[in-house]
Amino acid sequence: MHIGYCRVSTQGQTLESQVEQLQKAGCSQIFREKVSGAKSDRLELRRVLKALEPGAVVVVTRLDRLARSTIDLLTIVKPIADKECLFKSLGEPWADTTTPAGRLMLTVLGGLAEFERELIKIRTSEGRERAKRAGVKMGRKPILSAHQIAEIRSRKANGESVRFLARSCRVSPNTISRVR
């Protein structure tokens with residue numbers, strides 16, 4: 001069974017061309033969506049994944065109708081493969097897991113995407129370390145100054161309530177509770 005998925009980004013665009021191509025490709029069921037590809041949580045795409053039974057083939061007209069990046073593509077194709085289903089793009093013949101060459105290409109892309117994720121993690125970590133050495137403080141700025149914290153400690157020791165202190169410092173009671 002071939003299941004089609006088509007998507008356009010805006011309400012002004014039409015799905016007709018994609019639907020026609022998917023029908024010609026033999027799709028018995030076609031899911032249509034008018035939503036930005038940047039949204040990772042797409043209702044019709046979720047419905048496609050729920051409708052899958054082993055042996056089904058998910059068909060799209062072009063990869064950009066399904067995913068915005070290689071990592072995004074692999075993230076979407078994984079649950080398809082996990083359900084023992086296949087994937088095919090009509091516009092990119094190499095993105096076709098119904099053939100050995102297509103499976104090889106997606107495997108290679110998966111390896112490259114994983115490699116890129118690792119490089120990004122390393123670069124981010126190195127950048128964070130350089131910034132720390134340069135004296136950059138990470139995270140949010142403290143709400144309370146050192147003087148306010150000392151005063152809160154003193155007033156808490158004298159028995160003032162957390163709620164009263166929070167109101168007088170114009171912060172939440174949780175902020176006051178974290179002062180030790």
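Counting all heavy atoms, side chain and backbone alike, F31 lies closest to A51 at CZ-CB, 4.0 Å. The shortest non-hydrogen separation linking A25 to H2 is O-CD2, 4.1 Å. Across all their heavy atoms, Q18 and V8 have their closest contact at NE2-CG1, 3.6 Å. Considering all non-hydrogen atoms of both residues, V59 and C27 come closest at CB-SG, 3.8 Å. M105 approaches W94 most closely through the heavy-atom pair CB-O, 3.7 Å. Contact between E33 and L15 at its shortest, heavy atoms only, is O-CD2, 3.9 Å.
Rounding to the nearest 0.5 angstrom, the gap separating the CG atom in L165 from the CZ atom in R155 is 5.0 Å. With rounding to the nearest 0.5 angstrom, the CD1 atom of I76 is 4.0 Å from the CG atom of D72. Taking SG of C85 as the reference point, atom CG of L52 lies at 4.5 Å (rounded to 0.5 Å). In this structure, CD1 in I176 is found 11.5 Å from CZ in R167, a value given to the nearest 0.5 Å. Rounded to the nearest 0.5 Å, atoms OG (S154) and CD1 (I149) are 13.5 Å apart. Note that CZ of R32 is 10.0 Å distant from OG1 of T14, once rounded to the nearest 0.5 Å.
Taking the side chain as every heavy atom from C-beta outward, V179 and Q148 never approach each other to under 4.5 Å. Counting only heavy atoms from C-beta outward, the side chains of V60 and L22 never approach each other to under 4.5 Å. Proximity of L86 to V58: side-chain heavy atoms (C-beta onward) are nowhere separated by under 4.5 Å. Contact of the L66 side chain with the R7 side chain is not registered, since no non-hydrogen atoms from C-beta on lie closer than 4.5 Å. When side chains are defined from C-beta on, V19 counts as touching Q23, because their heavy atoms get closer than 4.5 Å. Under the 4.5 Å side-chain criterion, counting only non-hydrogen atoms from C-beta, I3 is not in contact with S28. A heavy-atom distance below 4.5 Å is not found between the side chains of M1 and V57.
Although no hydrogens or angles enter the test, the distance criterion places a donor-acceptor pair under 3.5 Å between the side chain of Q13 and the main chain of S9. In this structure, T175 contributes its side chain and V171 its backbone to no donor-acceptor pair below 3.5 Å. Looking only at distances, no side-chain donor or acceptor of K156 sits under 3.5 Å from a matching main-chain atom of S161.
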### Message
Go through it in stages, so that I can follow the logic: the residues are K78 and L74, the test is side chain to side chain contact (heavy atoms under 4.5 Å, CB included), and I'd like the CA-CA distance, side-chain angles, deciding distance and then a yes or no.
### Response
CA-CA 6 Å; K78 183 176 180 352; L74 295 169; over 6 Å; no
### Message
Test side chain to side chain donor-acceptor pair (under 3.5 Å) on T98 and D96; report intermediate values, then the result.
### Response
CA-CA 5 Å; T98 65; D96 181 354; 2.3 Å; yes
### Query
Can you list the steps and then say if L104 with T99 is a side chain to side chain contact (heavy atoms under 4.5 Å, CB included)?
CA-CA 9 Å; L104 172 64; T99 68; over 6 Å; no
### Task
Report the C-alpha separation of R170 and S168 in whole Å, then their side-chain angles, then the decisive distance to 0.1 Å, and conclude whether the side chain to side chain donor-acceptor pair (under 3.5 Å) test is met.
CA-CA 6 Å; R170 293 190 174 111; S168 69; over 6 Å; no
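Atom NZ of K88 is surrounded by 12 or fewer heavy atoms from other residues, nucleotides or ligands within 6.0 Å. Crowding of E160 atom CD: a count of heavy atoms from other residues, nucleotides or ligands under 6.0 Å exceeding 12.
Counting only residues at least two apart or on different chains, the side-chain hydrogen bond (donor to acceptor under 3.5 Å, both in side chains) pairs with a member in residues 43-62 are D41-R46, E44-R47, R62-D64. Among pairs with a residue in residues 122-139, those fulfilling side-chain hydrogen bond (donor to acceptor under 3.5 Å, both in side chains) read E116-R123, at least two apart in sequence or across chains.
For E118, the salt bridge (charged side-chain N to carboxylate O under 4.0 Å, His left out) partners are K121, not counting sequence neighbours.
The side-chain hydrogen bond (donor to acceptor under 3.5 Å, both in side chains) with Y5 is formed by just one residue from the set R65, Q29, R42; it is R42.
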